[in-house]
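Notes to accompany the following structure.
We name chains A, B, ... by the order of the sequence lines, and we start the count at 1 in each one.
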Number of protein chains: 2
Amino acid sequence: MNAPLDLEARAHSEHAQELRLWLRLLTCSQLIEKRVRAGLREQFDTTLPRFDLMAQLERHPEGLKMKELSHRLMVTGGNVTGITDQLVAEGLVERLGVDGDRRAFRVRLTGRGHAAFAAMATQHEQWIVDAFEGLAPRDLDQLHRLLGKVKQHQLDINARLDPDPIE
Amino acid sequence: MNAPLDLEARAHSEHAQELRLWLRLLTCSQLIEKRVRAGLREQFDTTLPRFDLMAQLERHPEGLKMKELSHRLMVTGGNVTGITDQLVAEGLVERLGVDGDRRAFRVRLTGRGHAAFAAMATQHEQWIVDAFEGLAPRDLDQLHRLLGKVKQHQLDINARLDPDPIE
DNA sequence: TATTGTTATACTCTATAACTATA
DNA sequence: TATAGTTATAGAGTATAACAATA
């Protein structure tokens, strides 16, 4: 993996404050994400989208429908089918029928899937703790709070651009 | 594009503070990046890696070697070759010889490339200003400062894992 | 021998659109 | 007609490894 020398080169004008902030935000998330992806690949032979799908299912022991997964993971339906197929083939998740709608499935973690996710989540948590160990708890709080404003603003923009509210 | 409902579902344990911060950071950067990528595609028929490569060259009017681009963009050499080939084919960048080393090239923006980048950069800047318009200047400063700590810590970790200093 | 850059290849992730089956 | 999910396809983005030319 190369060193991130100069991604911030994109900043160049009178709105340099926002640009520099964005490029720094992007660099931070890329650096952390690269380590997480590499770790998932090397230690668990899996990928971030697969981990994220399993994380959603761990939160919803009763299972989630394909459409719900698609929404929550911010990807289109075909991708969820592909990732789910892989996980089904490995016995980590299963598709169950939905009462009253024979078109739909609930996708749920199997026992093996739950155990496998627990092992990955423990390691994942350690990577993240390491990534932020340089910051005081007060800094963590402040960052979380400020990023909350940023996140809410993005959601507002998306809602305005694409008035497709959450069911 | 779907709404990012519940990516923060990954957080689940006693280190919830770090996990929630990480997932929020990731969500923010994904939301902004998706809009930037979509805009570059729709309005300029280009991609983020191409934009980033041109941004590096704009900063270095004398040109950069392929290896330097690879380092700065955090991708491996083959990718830089591919992106550069596209941009050369469109007349936006050019490869020039390097005195004293016939293996290497300098890659440089052409006049057309410079003009094309200027138009994209103006629009890009507006997307980013919009993305952060909900925050007070004071918040922007604070975020920038805190993310500076995060970034530095990631660089320290990478330097420790991969002692491959910048030439 | 090491380095610069290219080529070839493969894999993951993604979006789009056409499709099947149910509703 | 509309919806849930699948399939097929194409393209972006990436890494790896083998290679040619030069140092």
Does [X] place a side-chain N or O at less than 4.0 Å from the phosphate oxygens OP1/OP2 of [N]?
{"X": "B:Lys34", "N": "C:dA15", "value": "yes"}
{"X": "B:Ser70", "N": "C:dG5", "value": "no"}
{"X": "B:Arg37", "N": "D:dG13", "value": "yes"}
{"X": "B:Thr76", "N": "D:dA15", "value": "yes"}

Provide, to the nearest angstrom, the distance between the [atom1] atom belonging to [X] and the [atom2] atom belonging to [N].
{"X": "B:Gln30", "N": "C:dT14", "atom1": "CD", "atom2": "C1'", "answer": "12 Å"}
{"X": "B:Ile83", "N": "D:dA15", "atom1": "CD1", "atom2": "P", "answer": "11 Å"}
{"X": "A:Leu48", "N": "C:dC13", "atom1": "CG", "atom2": "C1'", "answer": "11 Å"}
{"X": "A:Lys65", "N": "D:dG5", "atom1": "NZ", "atom2": "C1'", "answer": "11 Å"}
{"X": "B:Leu69", "N": "C:dT4", "atom1": "CG", "atom2": "P", "answer": "13 Å"}
{"X": "A:His71", "N": "D:dG5", "atom1": "NE2", "atom2": "P", "answer": "12 Å"}
{"X": "A:Gln86", "N": "C:dC11", "atom1": "CD", "atom2": "P", "answer": "12 Å"}
{"X": "B:Leu96", "N": "C:dG5", "atom1": "CG", "atom2": "P", "answer": "13 Å"}

If you look only at pairs with a residue in residues 127-148 of chain B, which of them pass as a salt bridge (charged side-chain N to carboxylate O under 4.0 Å, His left out), with sequence neighbours excluded?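 Every pair satisfying salt bridge (charged side-chain N to carboxylate O under 4.0 Å, His left out) with a residue in residues 127-148 of chain B: A:Lys149-B:Asp139.
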
Under the salt bridge (charged side-chain N to carboxylate O under 4.0 Å, His left out) criterion, do B:Asp85 and B:Arg95 qualify, and how do the steps go? CA-CA 10 Å; B:Asp85 286 348; B:Arg95 285 181 172 93; 2.8 Å; yes

Is there side-chain contact between B:Leu147 and B:Leu25, with at least one heavy-atom pair below 4.5 Å?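 Yes, side chains in contact.
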
Would you say that B:Thr27 contacts A:Gln154 through its side chain, given a criterion of any heavy-atom pair below 4.5 Å between the two side chains?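 Of all side-chain heavy-atom pairs linking A:Gln154 with B:Thr27, none is under 4.5 Å.
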
Please state whether the rings of A:Phe44 and A:Trp127 are parallel, tilted or perpendicular, taking 30° and 60° as the class boundaries.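 Perpendicular.
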
Examine distances only and state if a side-chain atom of B:Ser70 and a backbone atom of B:Met66 form a donor-acceptor pair shorter than 3.5 Å.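 Not at all, since once roles are kept as given, no pair shorter than 3.5 Å links the two residues.
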
Would you check if the side chain of B:Arg24 reaches a backbone N or O of A:Lys151 as a donor-acceptor pair within less than 3.5 Å?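 Pair absent, no side-chain N/O of B:Arg24 close to backbone of A:Lys151.
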
Between A:Arg41 and A:Arg106, which residue's closest nucleotide on DNA chain D lies nearer the 5′ terminus?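 Counting from the 5' end, the first nearest nucleotide belongs to A:Arg106.
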
What are the two closest non-hydrogen atoms of B:Phe132 and A:His153, and how far apart are they?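 Scanning both residues completely, I find the closest heavy atoms to be N-CD2, 4.3 Å.
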
Contacts under 3.5 Å, N or O only, protein and nucleotides 6-10 of chain C:
| from | atom 1 | to | atom 2 | distance (Å) |
| --- | --- | --- | --- | --- |
| C:dT6 | OP1 | B:Arg95 | NE | 3.0 |
| C:dT6 | OP1 | B:Arg95 | NH2 | 2.9 |
| C:dT6 | OP2 | B:Thr81 | OG1 | 2.5 |

In sequence, state the C-alpha distance, the side-chain angles, and the governing distance for B:Arg72 and B:Glu68, and then conclude on salt bridge (charged side-chain N to carboxylate O under 4.0 Å, His left out). CA-CA 6 Å; B:Arg72 289 171 191 277; B:Glu68 292 172 331; 5.6 Å; no

Under 4.0 Å protein heavy-atom contacts per nucleotide of nucleotides 18-23 of chain C, with B for base, S for backbone only and - for none: ---BBS

